[in-house]
Amino acid sequence: MRAAQQTLDPRPRALKQARAEDLQYVDSPEHIDFLNIYFANLIAMLGKRLSLRQRVIATATVFFRRFYVKNLYCETDPFIVISACCYVAAKAEESPVHIKNVVSESRIMFAQEGYGIKHFPSDNSKLAEMEFYLVSDLECDLVVFHPYRTLLALCGREAAHASTAAAASTAEAGELGAGVGADSGPRYWGTGKGRLELEEGPLQTAWHAPLTPAFILNDTYRSELCLLHPPHLLAIAAVYLTLVLNDKTRDAVRAHAAPPPPPRRSSRTSAGAQPRGRAAAQQPQQQQDLVGFMAGLRVSLPAVAGIAQEILALYTLWERYADAAPEAALGGGAGAGDGAGEGAVTPAFLTGLLFRMREARLADLAHPASGQPVAVNKRLERTQAAG
C-alpha cells in the first residue's frame, strides 16, 4: 500500500546506515536525536512564519527525513534543505508560497541570536537548485500519508462537529480536506465497525499531551517515527496514550475493569411498577468498552505499545532540550524542555555542533586515512555556498 511505502524496509537498519558516518563526528549518539528535534522545530517555526497549515509542516518534515536517509548532516547544509522542504511541501499540498518569501523569512529566522546562521544564501536560484536536488532524492514521490485521518476516523468527530470552529481547526491540524472523508479508501487497520466515543478533552489529548505543551501526533515528527512505522499505527498509539494519560479515560478504563457491584433488591419495587419507557430512561448510559475497542482494531497491540514507549522516550529526551530562540513563543514547535536547567542542549550548541561536524568531515575528505582521493559531493557543496 502507498501508506506503507513511505516507511523504510528494513527500517531500523536503513536508518542506522544513514547516520553511521554522522555518528563518527559527534560525542554522543544522543546528539543525533537532539538534532532531529532541532530540525523539526525549525521546520515548524519556518512554517508558522510562512502561514503554512500543520499538514504542510508535517509533509515538509517527512521530506526532510527522507532526504537525509540518503545524505549526511556533515556533508550538507540542513538549513537550506529545511527551506527547500517547506517550499516543496507547500507546492505538494496545494498551498504554494513565493520563493522570495521563503528565502526572506529563512534569512530572518536563521539570523536570530538563538541560531546565529549568517551564511544563508540570499540568491533565490540557490533555493531553486536545492529544490531540484530534493525532488531528485525523493524520487519525485511527493505523496505523504499522515496519521491525522486515522485518528479522526477512529474517534468519529469530524462529522458531528464539522460546522463548529473547533472541528474546523481539528481538520486543519489533520488532513481532511475538500472531497476527502474519513471513510474514503479501505480500512486496512481494523474492521471499520464502531468508533471510539471520546469527549472533547480526551480527544484533544490525542493531539495535546497533558505533561507537555506539544501535540502527541505532531511530536512524533520530532523523531524518525514517521519513517519507522505506518501512519495508522502512530494514530492508534496516540489514542493509546490518551487512554493512559487522560484522567477521564483512565478512570473509565479502571471502572470498566472493576467487577460490577451486586444488584440492589427492594421489596417495594417490582419489575412492572413503572412504565417500561420511564424505567429505561432512568437506567445509566452504558460506558463504552475502551479496552475492547482497542483490541477490536485487529492490529498488533505489542507494536502499538512499543510505539507508545518510543514516544515517551522522545519526551524524556525532549526535557533536556531548551529552545531558547525567540520563535519558541509561536507555539506548535516549542520544545518540551523550554526553560530546562543547566546542562540542557540548546539550538546554539547544536548549530555549533553542525559546523564542527562539517569541518571534521572536510578534513577527513582532504586527508583520508587510506591516502586515496575521496570524491566530494560537489552538487550539494554548490548549493550550500553563500549567496
Side-chain angles (χ1 to χ4, degrees), residues 3-4 6-16 18-19 23 28-41 58 61-62 65 69 145-148 150-151 154-155 189-190 196 198 202-254 257 290-321 334-337 340 344-345:
Q6 72 184 36
T7 59
L8 299 177
D9 191 22
R11 300 164 224 175
R13 183 183 305 173
L15 278 178
K16 186 176 181 179
R19 300 277 74 84
L23 288 171
S28 172
E30 286 187 344
H31 289 165
I32 299 296
D33 298 328
F34 282 117
L35 286 174
N36 290 333
I37 299 176
Y38 177 43
F39 294 141
N41 283 356
T61 307
V62 174
R65 304 291 185 210
V69 171
F145 295 87
H146 297 294
Y148 304 110
T150 302
L151 179 61
L154 286 174
C155 300
W189 40 264
L196 186 64
L198 290 180
L203 177 61
Q204 292 298 323
T205 304
W207 279 274
H208 189 280
L211 301 180
T212 67
F215 299 111
I216 291 181
L217 280 184
N218 295 344
D219 287 346
T220 60
Y221 293 95
R222 267 69 180 178
S223 66
E224 294 172 331
L225 289 173
C226 57
L227 298 182
L228 293 174
H229 305 286
H232 70 285
L233 289 183
L234 295 177
I236 295 174
V239 174
Y240 175 80
L241 285 177
T242 299
L243 300 180
V244 174
L245 298 179
N246 185 269
D247 294 335
K248 293 183 178 180
T249 55
R250 184 172 60 248
D251 294 341
V253 172
R254 291 175 177 174
L290 302 179
V291 177
F293 178 85
M294 294 294 295
L297 293 177
R298 296 184 181 178
V299 297
S300 175
L301 292 183
V304 173
I307 296 174
Q309 289 295 331
E310 294 182 56
I311 297 176
L312 295 178
L314 170 63
Y315 286 136
T316 302
L317 183 72
W318 205 344
E319 290 178 353
R320 297 164 49 198
Y321 177 79
V345 178

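What you see below is based on every heavy atom in this structure, not just the backbone, and it leaves out hydrogens, waters and symmetry mates. Position 1 is the first residue of the sequence, and the numbers go up from there.
Between R65 and N36, the shortest heavy-atom distance links the atoms NH2-O, 3.0 Å. The nearest pair of heavy atoms linking F145 to P231 is O-CG, 3.5 Å. In this structure, A308 and L241 approach most closely via the heavy-atom pair CB-CD2, 3.8 Å.
The main-chain N or O of V69 is never found under 3.5 Å from a side-chain atom of R19 such that the two would form a donor-acceptor pair.
Taking CG of L234 as the start and CG of L217 as the end, the distance is 7.5 Å to the nearest 0.5 Å. Rounding to the nearest 0.5 angstrom, the gap separating the CG atom in L297 from the CG atom in L233 is 10.0 Å. Atoms CG and CG, from L314 and D219 in turn, are 6.5 Å apart once rounded to the nearest 0.5 Å. Here the CG atom belonging to L227 is positioned 10.5 Å from the OH atom belonging to Y221, to the nearest 0.5 angstrom. Atom CD of residue E30 and atom CG of residue L35 lie 12.0 Å apart, to the nearest 0.5 angstrom. Once rounded to the nearest 0.5 Å, the distance linking CG of L151 with NE2 of H232 reads 13.5 Å.
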| Could you walk me through whether I311 and I307 pass the side-chain contact (heavy atoms from CB on, under 4.5 Å) check? | CA-CA 6 Å; I311 297 176; I307 296 174; 4.2 Å; yes
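A parallel orientation is assigned to the rings of W318 and Y315, their planes being inclined by less than 30° (bins at 30° and 60°).
Applying the side chain to side chain contact (heavy atoms under 4.5 Å, CB included) test to T316 and every residue at least two apart in sequence or in another chain returns nothing.
Checked by atom type, the side-chain pair N41/R222 shows a donor-acceptor distance below 3.5 Å.
When the shell of 6.0 Å around CZ of F34 is examined, it contains more than 12 heavy atoms from other residues, nucleotides or ligands.
The shortest distance between side-chain heavy atoms of T220 and C226 does not fall below 4.5 Å.
Checked against the 6.0 Å centroid criterion, the rings of H31 and Y38 do not qualify as a close aromatic pair.
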